[in-house]
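If you're wondering where the values come from, they're calculated on a predicted model, not measured in any experiment.
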Amino acid sequence: MGGLPTQNSSTLALSGLQQTQESAKTTPGAESKPKKKICCACPDTKKLRDECIVEHGEEACVKWIEAHRICLHAEGFNV
């Protein structure tokens, strides 16, 4: 069903986000040109963000919006 993600999936997404952040810190040239289009980067955080906004509104989803922004930054996008 199209409900908010359960605690397990949100925990997994956040742990994946932490791994992405850590790999971005250790990868030389993380500030280089992105290898993907922005629409294709970070599909997991994008899905969680979009579902939350549709169901609860932007104000209630700051956590997911920020998680997606951090993931995009780790992929080399300046957003």
Side-chain angles (χ1 to χ4, degrees):
M1 292 196 187
L4 258 184
T6 63
Q7 182 63 29
N8 290 340
S9 64
S10 61
T11 302
L12 289 174
L14 288 176
S15 67
L17 174 64
Q18 290 168 345
Q19 290 173 351
T20 301
Q21 290 172 338
E22 290 170 9
S23 66
K25 290 177 187 175
T26 59
T27 305
E31 298 298 322
S32 66
K33 185 176 178 183
K35 296 179 180 171
K36 301 176 186 175
K37 292 181 180 180
I38 196 165
C39 62
C40 300
C42 304
D44 296 333
T45 57
K46 181 179 181 181
K47 181 180 178 183
L48 291 169
R49 177 203 67 181
D50 292 350
E51 287 178 359
C52 183
I53 291 172
V54 167
E55 292 184 18
H56 304 287
E58 193 172 326
E59 296 79 24
C61 301
V62 174
K63 171 177 81 170
W64 298 117
I65 294 169
E66 183 65 13
H68 186 58
R69 189 192 67 75
I70 290 169
C71 181
L72 290 174
H73 183 69
E75 290 286 333
F77 295 98
N78 292 323
V79 291

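Here NZ of Lys37 is found 10.5 Å from CZ of Phe77. Values are rounded to the nearest 0.5 Å.
A 4.5 Å side-chain heavy-atom check between Ile53 and Ile65 finds at least one atom pair inside the cut-off.
Taking both residues in full, the closest heavy atoms of Thr45 and Cys71 are given as OG1-CB, 3.9 Å, listed atom of the first, atom of the second, then distance. Considering all non-hydrogen atoms of both residues, Ala41 and His68 come closest at O-CE1, 4.0 Å. Residues Cys61 and His56 come closest through the heavy atom pair SG-CB, 4.3 Å. For the pair Cys52 and Ala60, the tightest heavy-atom approach, listed with the atom from each and the gap, is SG-O, 4.2 Å. Between Glu75 and Cys42, the shortest heavy-atom distance links the atoms CG-SG, 3.8 Å.
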